[in-house]
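Letters A, B, ... mirror the listed sequences (proteins, then strands); counts begin at 1.
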Amino acid sequence: MENKHILKLLKQTAKLMELFGENDFKIKSYNSAIYNLEKADVRLADLDQSALEKLDGVGKSIAASIAEIIETGSLKQLTDYQNKTPEGVMEMMKLSGFGPKKIKLIWEDLGIDNLTDLIEACKQDKIAALKGFGAKSQDKMLESAKFLISRRGFVHYREAEKIAEALIEHLQELTDKNFVSTTGAVRRKMEVIKPIELLVGAKEKSKIKSSLEKSANYEVNEKLSGPYKLKLREKETKAEIDIYFTPEENFANELYRTTANPQHLVHQTDKGESLYKLLKQENFKSEEAIFKAADLPFIAPELREGLWEFEMAKEGNMPKLIETDDLKGILHNHSTYSDGANTLERMATYCKELGYEYLGISDHSKTAAYANGLQEFRVKQQHEEIDELNKKLAPFKIFKGIESDILNDGSLDYADDVLASFDFVVASIHAQLNMDEKTATERLIKAISNPFTTMLGHPTGRLLLQREAYPINHYAVIDACAEYNVIIEINAHPWRLDLDWRYVKYAIDKGVMISINPDAHETKGYHDMYYGVCVGRKAGLTAKETFNALSQKEVEAHFNKKKEAALQLIKS
DNA sequence: GCCGTTTTCGGCCCGACTGTTTTCAGTCG
């Protein structure tokens, strides 16, 4: 069992303890144990009770809880809390800007236990009247509640892909393997998904239906299901799933039709008819045959949005889309120096084991106190360790980086001589996220214009399905990156995927390099780069435009050139 | 609940921000 799962249950427990008004210090000790365990470079499942008790912040009671989770996969204390909490209240706990204490008050004083009633209460000014609330809180709560309702049933791509893969495996046991596929948004690798769509040959329809009805993992929605469609819900994540059935001779046509964004299908072929109409004329054997009939090159599923794929096809140079194998190094990563879970050495050796040529370590900078950001003397210590490791691991190389906080006024949080000691600087915003578009854009552009800024980190700060992006003028920000020779990252964490792929295309057109960065806080995080590759492909990204597809030598040359220019500039 | 000691009891991770207060609690990264 992974640490992540254990910590997830402990976090839920701590949150619910707060909702039920447990002793504040008891809650604090849970949170401090979680805080320490997130940074602990150990595999909890390998430890017994007495070894667990020796960990920082873990005593007898929490050690016993961890042991229980390892043994049974669950925690009775947590289950008891969950049984006492209405589903609607659990949903209310996700309101951004409101923690368990505020939710507790609303639940207890007003008896509100779901988002719909909460919205009604906001409209009737009942929330603003509560102690500790006011008009502003009420407005924020209303907005946040509406946001949550609009995201119901959505899951992140990572979850959608996992659920789809498991379901496909199940279906392939019941019917002809060749007639089972993902389709729709999940096949187009969208960043968030609702519903997860699958296309299946109709031959074993009834067998599939009864098998799914018996399954413990899914609920079949009888009302919304019909002869050509099964509507399900995955129980654990509440993800919505649509399974379409189609006669096998029509499979390729249906796969093509249901995969594409409707905008794609209205495209007129050279014969002056839409792709949609073409599909009605003939049952094709494969998608390749459909493209051939339309006199088009093969267009990868993730590009079928009706945005720019036909323009690419017309120019006769369909891009060879980026693949994970094209990436030669991993930039923007954290270690135990700040808030990462693994040591610098482990991060480096694992990166090397995976076959990469280089690693860029960019721990948090000093302003990020919550993340144990690096004071100047610790920067120096880290650089000494990197020099040692580089001797040991050569020809593999660790680049000295930093994720420098962009302060409110757009400046970075180290003096020039410290900034100059890094090979590269990722500039990111972590605090004061509630800016208007003008302020946020100016703040970013000021940071981009800093001669030491190598790369812009997660440009909008969004957390998909959880926190809206702060508004920015993407075009102005990207133009600034082009002007100041700054790389933009696609932060590949499945909750971020920021820069959004819709703007990656603009960045490419402007000649801005894109770096696919995992923002890894543990070795396992490296594998998230796959999700960055998925969204990069949607924008038509190729290896040529991807910074970390460059070799170690090329990356080094870029870093050096940028730094020399910066030093020249501050001298003059 | 955990920790550390001047060892069985008292204090508890950091700093900023927000919106509510009228000095501070709650939330967040």
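- On the P atoms, B:dC3 is 12 Å away from B:dC13, given to the nearest whole Å.
- The side-chain heavy atoms of A:E38 and A:N3, taken from C-beta on, include no pair separated by under 4.5 Å.
- Atom CD of A:E22 and atom P of B:dC2 are 13 Å apart (whole Å).
- With both ends at atom C1', the span from B:dT21 to B:dG26 equals 13 Å, rounded to whole Å.
- Taking the six-membered ring where the residue is Trp, the centroids of A:H493 and A:H521 are separated by 6.0 Å or more.
- Remark: P of B:dG15 and NE2 of A:H430 are 18 Å apart, rounded to the nearest angstrom.
- Look at A:K400 and A:D363 and you find no salt bridge, because none of the NZ, NE, NH1 or NH2 atoms lies under 4.0 Å from a carboxylate O.
- Within the 4.0 angstrom heavy-atom criterion, no nucleotide atom of any strand lies near A:I34.
- Rounding to whole angstrom units, CD1 of residue A:I66 and P of B:dG1 are separated by 14 Å.
- To the nearest 0.5 Å, atoms OH (A:Y157) and CG (A:L464) are separated by 14.0 Å.
- Stacking between A:F25 and the base of B:dC12 is present: ring centres sit under 5.5 Å apart and the planes differ by under 30 degrees.
- Taking 4.0 Å as the cut-off between side-chain N and carboxylate O, A:K126 and A:E120 do not count as a salt-bridged pair.
- Taking for each of A:L55 and A:K28 the nucleotide of DNA chain B with the nearest heavy atom, the 5'-most of the two is the partner of A:L55.
- Rounded to a whole angstrom, the distance from the P atom of B:dC9 to that of B:dC17 is 41 Å.
- One can place CZ of A:R462 at 16 Å from P of B:dG29, the figure rounded to the nearest angstrom.
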Check: Tell me, for nucleotides 16-28 of chain B in 5' to 3' order, what letter each nucleotide earns: B for a base near a protein heavy atom under 4.0 Å, S for only sugar-phosphate near one, - for neither?
Finding: -SSSS-----SSS

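- Comparing the C1' positions of B:dC12 and B:dT5 gives a spacing of 14 Å, expressed to the nearest Å.
- Residue A:S32 is classed as having no contact, given no heavy-atom separation below 4.0 Å to the nucleic acid.
- For A:N36 and B:dC2, the CG to C1' distance is 10 Å, given to the nearest whole Å.
- Listed candidates were B:dC13, B:dG1, B:dG29. Nearest to the side chain of A:Y35 is B:dC13.
- Across B:dT8 and B:dC2, the matching C1' atoms stand 13 Å from one another, rounded to whole Å.
- Figure legend. B:dC12 is base-paired to B:dG1; pairs are counted as Watson-Crick or G-U wobble with both atom distances under 3.5 Å.
- The existence of a salt bridge linking A:R462 and A:E468 is excluded, since no basic side-chain nitrogen approaches an acidic carboxylate oxygen closer than 4.0 Å.
- A:N31 places its CG atom 15 Å from the P atom of B:dC3, with the value rounded to the nearest Å.
- No side-chain donor from either of A:D405 and A:T367 sits under 3.5 Å from a side-chain acceptor of the other.
- Only the P atoms considered, B:dT20 is 22 Å distant from B:dA16, to the nearest whole Å.
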